[in-house]
2 protein chains.
Amino acid sequence: MTSRLPVSSRLPDLEALELLVAVAETGSLGQAAGRLGISQPSASARMRTLERRLGVRLLDRSTSGSRLTAAGSVVTDWARAVLVQANALVEGVAALRSRQEDRLRVSASLTVAEHLVPGWLVALREAAPGVHVELNVTNSTHVIERVRADEADLGFIEGRGAPRDLHSRAVGRDRLVVVVAPGHPWTRRRRPLRPVELAATPLLLREAGSGTRETFEAALAPYGGPAEPALELGATAPLRAAAVAGSAPAVLSALVVADEIAAGRLVEVPSELRLERVLRAVWPRGRELPEPALHLLRVARS
Amino acid sequence: MTSRLPVSSRLPDLEALELLVAVAETGSLGQAAGRLGISQPSASARMRTLERRLGVRLLDRSTSGSRLTAAGSVVTDWARAVLVQANALVEGVAALRSRQEDRLRVSASLTVAEHLVPGWLVALREAAPGVHVELNVTNSTHVIERVRADEADLGFIEGRGAPRDLHSRAVGRDRLVVVVAPGHPWTRRRRPLRPVELAATPLLLREAGSGTRETFEAALAPYGGPAEPALELGATAPLRAAAVAGSAPAVLSALVVADEIAAGRLVEVPSELRLERVLRAVWPRGRELPEPALHLLRVARS
DNA sequence: GGAGGTCATAGGCGAACTCTATGACCTGCC
DNA sequence: GGCAGGTCATAGAGTTCGCCTATGACCTCC
């Protein structure tokens, strides 16, 4: 979806971008090379191929150092944005893989794991490099079970009041939106969807037990609950894909469909139903939260 | 800064991530390979090395296709986030390089160009693939000059009312924040900075003529204007670097320092001064905005 | 004028990737 | 039951690409 047409041929490689940022910050190809652990000629060649591939001069090389051109400066900032995401991915993967001692076991709902956890991990690495996070991803119901069963030190859930037997604290909020493919009749509506309309329409929904689903059901309960779903899936990506393909209207987190909406592949349908939900951290009562967990919680709340 | 410790060794390559997304969407290695224009064995090998490099199994391969594992599903969404940024970079670079016929000449201030324009370009490519954007990046003052001189069809500026002789429309807002390095005395303050304190302190500032600088000066004018800057630079990146290094407090766009604040490399100091500013599109009066420009404006406002 | 910094070039080596060709396996249809 | 069409994996060959070391040219500052 993200890559309808392969950008392949002109896709820069991440290490080149990392090098560019290093050059920008050190002011010298040689020093940047040192920082990445490669030789100066390699760095020189790499920057040259990057420039050739992008078709833009990025550096003013002089015998007393290298400075960014105006274009280079802008590109460097874009490169930073790419690297932020790439680092988040790497941290996230490390957490998925981790089977460490000295570990912090985190269980997070899908939405939280996909959109917030990676950023937290990057920040946590800066703030407390010693902490190794072991990340488990499921739905909100299961997150709570794991925290209760002491299979996780800290959980992150969506869309429900925290259970009484657990501590909890809000760490953010999210909004559910109704989206349809561009051609759908709902895109031509003049007035917001009424809840009864929504309740009567077969929709694309996440599976029962997911935070997204529960929030939605709770909101529609006064209007006769949602109709039988048109399709029910355990992950957001295929759901989103089905919505883009025009199968039916979908109800998804705003976080999840932000890109698609921006790109015009999905259209948000205004609705009278207020579908905000709070994202919360949860942990066991009666016992102090371990030190690493406190760190993560602090990061998540900021 | 973004890459204090080189992630190099385990940094995946973007084409592998693109392949992962393609596999997720097609459900088959072979089809995914076709989409990227490589052979099926190459795709197979690439996915294998990606899995090996990340240390996580991403695919359940079967003789009837390949499905994502639970971990793979999450990683794929993270990969999408990386690719969104990478695409934005590629589009932005294309715009910087462009010397096309059938072009739309855009001039944007640094903050807007760095943080908003790339996303708009990606969306624009989906909505109106025929439009070729030629991007010029300067400060707000110069943007206005270029629009007046008909060197740009559309301009984007920050932090000032639009000049009378141009049309304008708000496309977003930004906030200026005061940031210091973690050790700075201001991090231990109990009460927000008063404007007179800020006005009396030498700061790290953008150059005169930049939107950031003008907003700040206007806000401090009633209090005797800002003191002589500690350092004055024409780009945000080195300014940010200087702030991280602890040279002096800096005043920068919240967009620009969001990552550093999240990672604990900079600390925001609460201030009584309200430093919001509006980001606006501007274009010449008396003449219809050309069709491609309307497209971009529509994208930018959504 | 030397010392220490910058970057570029040349040559050789090695690894990594690609492709084509093939085989094994499953599913579904006839 | 067996064939057709899809899946993925393996093998081997060729080539490209990128790396490193060694060197040279140049600038700046002392």
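Letters A, B, ... mirror the listed sequences (proteins, then strands); counts begin at 1.
- With respect to the salt-bridge test (charged N to carboxylate O, under 4.0 angstrom), the residues A/E25 and A/R35 qualify.
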Heavy atoms under 4.0 Å is the rule here; annotate nucleotides 16-30 of chain C 5' to 3' with B where the base is hit, S where only the sugar-phosphate is, and - elsewhere.
-> -SSBBB---BS----
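- Residue contacts for B/R67: at a heavy-atom cut-off of 4.0 Å it reaches no nucleic acid atom on any strand shown.
- At least one side-chain nitrogen or oxygen of A/S66 sits closer than 4.0 Å to the OP1 or OP2 atom of C/dC7.
- Here C/dA8 presents its P atom at 5 Å from CZ of A/R61, a figure rounded to the nearest Å.
- A side-chain donor from one of B/S39 and B/S42 sits under 3.5 Å from a side-chain acceptor of the other.
- For the residue pair B/N136 and B/S107, a side-chain donor N or O sits within less than 3.5 Å of a side-chain acceptor on the partner.
- Between the CD atom of A/Q31 and the C1' atom of C/dG4 there is a distance of 13 Å, rounded to whole Å.
- As rounded to whole Å, 15 Å separates atom P of C/dC7 from atom CG of A/L58.
- Between A/S28 and C/dC7, a side-chain N or O to OP1/OP2 separation shorter than 4.0 Å is present.
- With salt bridges taken as basic N to acidic carboxylate O contacts below 4.0 Å, one links B/R213 and B/E232.
- The terminal axes of the helix from C/dG1-D/dC30 to C/dC30-D/dG1, fitted over 5 pairs per end, subtend an angle of 20° to the nearest 10°.
- Atom CZ of A/R146 sits in a crowded spot, with more than 12 heavy atoms from other residues, nucleotides or ligands closer than 6.0 Å.
- With hydrogens and angles left out, the side-chain atoms of B/S62 and B/S64 include a donor and acceptor closer than 3.5 Å.
- Under 4.0 Å is where a charged nitrogen must lie from a carboxylate oxygen, and between A/E134 and A/R103 at least one such pair does.
- Salt bridge B/E260/A/R80: absent, no basic N to carboxylate O contact under 4.0 Å.
- As a whole-Å value, the separation of A/D60 CG from C/dC7 P is 12 Å.
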